[in-house]
Amino acid sequence: MIALKPNLFTTATGPHAAISDDDQQAFVALRRMVPTLEAFWDAEDVEQDEIDEIVGRLNKHWPRLFGLLLELYGNQWDFFYHLEQTLMTLVRGWRLRDESLRRDDRNRINNPDWYQSELLVGGALYVDLFSENLGKLKDQIPYFQNLGLTYLHLMPLFAVRPGNNDGGYAISNYRSVDPRVGTIEDLRSLADALREAGILLVLDFVFNHTADDHYWAQQAQSGNREYQNFYFLFPDRTIPDQYERTLREIFPTVRRGSFTWHDSMQRWVWTTFNSFQWDLNYRNPDVFNAMLSEMLFIANTGVDLLRLDAVAFIWKQMGTMCENLPEAHKIIQAFNACARIAAPGLVFKSEAIVHPDEVIKYVSPEECQTSYNPTMMALLWESLATRDTKLLRRSLTRRHKLPAHTTWVNYLRCHDDIGWTFDDDDAAALGISAYHHRQFLNAFYTGQFEGSFARGVPFQHNIETGDMRISGTLASLAGLEQAIELERDDLKELAIRRILLLNASMLSIGGIPLIYLGEEWGAMNDYDFVKDPAKAGDTRWVHRPKMQWKFLDELGDDGSIRARIFRSLQKLITIRKNTPAFAGLEMELIETQSPHLLSYVRSNASNRVIVVSNFSEYPQTIDSNRLRTAGMGRFFEDLYTGETITTKSDVHLEPYQFLWLHRV
Ligand code: GLC
Ligand code: GLC
């Protein structure tokens with residue numbers, strides 16, 4: 001039997017122990033589980049240096065994990081049992097981790113800011129729609145490299161329920177891949193190939209709900225009490241009615257309210273999203289441990305970054321909106337502490353599409369190190385519609401900065417809708433009525449507003465509240481669809497410029513840019529989704545078209561719009577990756593005196609780039625003296641066009657032009 005080091009977890013009692021009572025308790029609890037750990041080392045023949053490594057991490061992160069679990073589950077009569085389950089789930093998960101992943105773990109522990117790099121540029125895709133299956137996706141690695149991607153998010157690819165599966169978000173088994181796209185082995189082999197190619201793998205952790213045909217849900221349906229406690233089930237409307245007084249409806253066109261009647265069980269089930277997506281009950285520590293085990297399984301397939309789906313909804317409390325509750329943060333922090341112990345190379349990305357004040361609360365090194373930036377996404381579109389950047393500027397001034405060792409994931413389009421989640425007070429401070437402004441934006445992006453260039457489609461229009469979100473591809477929302485239909489070259493030109501302007505903003509503002517694949521060559525809305533009954537009721541499918549590889553034959557053709565968008569984006573990506581000023585998040589706005597311009601300095605150590613963007617279809621001017629003081633120079637090179645700009649006279653921008661200025 002391999003001996004544990006004598007000082008294992010005994011810091012608390014050592015002569016120089018200057019640790020808090022809380023940590024003392026944590027270590028006492030841990031020491032009581034040492035026999036179980038030792039039995040495990042023994043049974044698994046774990047080497048002493050491996051033990052040292054995991055013990056070192058437990059010493060470091062256990063107190064935090066213990067504290068969180070104590071707060072969440074300390075009142076359970078069998079708390080200690082669950083605690084031991086958590087510990088053993090961690091060491092088992094760690095034990096199954098491949099040596100190559102453990103190597104990355106060690107490197108990343110020593111380089112905690114690895115995800116702040118300017119080299120990170122992401123792409124997201126549905127495997128079936130992009131390349132049919134995982135095997136063929138591997139063959140597309142050169143395509144990703146050619147575009148410049150170093151981060152690939154595969155939309156959910158696990159086994160799903162038959163019929164409508166909410167784009168993969170109704171998972172029936174986290175440990176097997178949807179057989180239509182491949183196997184777990186294919187996934188592992190793709191992960192290896194991506195690692196080889198220097199591309200990070202990103203997968204989802206869909207932990208708010210399972211599909212109604214997941215094993216746990218099936219057990220619940222067959223009357224198993226243990227698994228019924230995994231979900232929120234109610235015999236009649238009494239409790240659901242009480243909850244619904246304060247709940248927001250997420251998918252009002254699917255079903256009113258947040259509960260679904262299950263006939264054979266004779267129970268109401270909590271279903272925040274679709275009726276077949278059953279919310280998990282994290283008040284039950286079994287649920288935490290069961291999902292922890294699934295999380296480590298997913299991580300061990302070779303995932304670098306885990307997208308935490310629908311984080312806002314994971315804790316419910318009667319009398320509240322049941323969104324963004326403090327316990328939701330604690331659950332995620334507990335998962336984070338678990339990752340630090342069992343898979344420390346793993347980084348979380350928060351998907352909280354909520355009020356900006358709430359989005360930011362998920363972001364910290366101890367919770368989610370990265371987060372979607374839905375506010376900036378929405379406000380870029382807002383600026384494009386209004387040709388006025390003031391709301392975006394106000395938001396960037398107050399809301400761009402994040403805690404150290406964290407960063408944004410910036411995007412223009414993703415597989416979901418666009419919701420106008422800006423802050424009402426930010427709008428009011430600028431004399432904008434938030435309600436009317438959202439009405440305007442919805443009218444604009446559905447193409448109803450006179451003069452609109454956009455061709456979006458409503459998503460989840462709530463007749464009662466008037467609330468609506470927008471579906472549509474980047475190109476269709478930016479005017480390309482309309483321009484092509486009207487056969488107007490001038491409009492096509494403007495649409496292409498809008499597409500590039502938004503991309504240039506996303507690539508330069510600070511954070512990891514994330515492209516929804518298809519957008520790199522200007523994919524347009526695909527209205528054929530209505531032919532598929534499993535998709536017809538969800539307009540988000542309009543912007544999830546099947547990849548059209550034949551279009552890429554045009555990439556060599558100078559006259560083609562697709563080629564122009566692709567090559568321009570490719571060029572922007574190359575420049576970003578060669579410009580150290582684009583690393584990290586340091587960003588300062590520059591006053592320009594034109595409401596149509598957005599200008600900022602990006603800096604990182606001694607590197608600086610000034611970005612100026614024109615959000616209108618009319619030429620604009622910027623006072624060159626401002627560039628001189630912001631950039632500390634008189635001569636600049638526009639990294640995009642290669643042109644030299646001097647501060648001898650004012651600088652002019654063409655319609656929708658952007659400048660990336662570097663001092664020469
Ligand atoms: C997330 C996904 C969305 C899905 C929902 C339910 O918000 O992005 O596509 O519908 O969660 O899983
Ligand atoms: C809501 C949710 C978000 C989800 C989206 C899907 O906005 O807050 O999590 O992605 O719906 O449409």
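Just so we're clear, the structure is a prediction, and the values are computed from it rather than from any experiment. Both counts, for ligands and for their atoms, begin at 1 and track the order of listing.
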(message) My understanding is that only one of Ile199, Leu200, Leu346 makes a side-chain contact (heavy atoms from CB on, under 4.5 Å) with Asp304; could you say which?
(response) Leu200
(message) Please list all pairs meeting ring-ring contact (aromatic ring centres under 6.0 Å, His included) that have one or both residues in residues 358-381, counting only residues at least two apart or in different chains.
(response) His329-Tyr362, Tyr372-Tyr411, Trp381-Tyr445
(message) Name the residue from Asp166, Thr272, Thr271, Asp212 that meets the side-chain hydrogen bond (donor to acceptor under 3.5 Å, both in side chains) definition with Gln277.
(response) Asp166
(request) Run through Tyr215, Tyr174, Tyr231 and flag the one making a side-chain hydrogen bond (donor to acceptor under 3.5 Å, both in side chains) with Thr210. (result) Tyr231
(message) Applying a heavy-atom cut-off of 4.0 Å, say which part of Arg307 lies close to ligand 1: side chain, backbone, both or neither.
(response) side chain
(request) Specify side chain, backbone, both or neither for Phe313, according to which of its non-hydrogen atoms lie closer than 4.0 Å to ligand 1. (result) neither
(message) Between ligand 1 and Asp309, can you find any atom pair, the residue atom being a heavy atom, that is separated by under 4.0 Å?
(response) yes
(request) Could you tell me the separation between the CZ atom of Arg255 and the OG1 atom of Thr260, rounded to the nearest 0.5 Å? (result) 4.0 Å
(message) Within this structure, what is the CD-CG distance for the pair Gln140 and Leu125, rounded to the nearest 0.5 Å?
(response) 10.0 Å
(request) Could you check which of Asp416, Asn274, Ile353 puts a non-hydrogen atom nearest to atom 9 (O) of ligand 1? (result) Asp416
(request) Pick whichever of Ile171, Asp166, Val206, Asn208 has a heavy atom sitting closest to atom 6 (C) of ligand 1. (result) Asp166
(request) Report the residues that fulfil side-chain hydrogen bond (donor to acceptor under 3.5 Å, both in side chains) with Trp315, sequence neighbours left out, ordered by chain and then residue number. (result) none
(message) Does atom CD (Glu464) have a neighbourhood of more than 12 heavy atoms from anything else shown, all under 6.0 Å?
(response) no
Within the 4.0 Å heavy-atom shell around [X], which atoms of ligand 1 are there?
X      : value
His415 : 2 (C), 3 (C), 8 (O), 9 (O)
Arg540 : 3 (C), 4 (C), 9 (O), 10 (O)
Gln277 : 6 (C), 12 (O)
Glu351 : 1 (C), 7 (O), 8 (O)
His209 : 6 (C), 12 (O)
Phe251 : 10 (O)

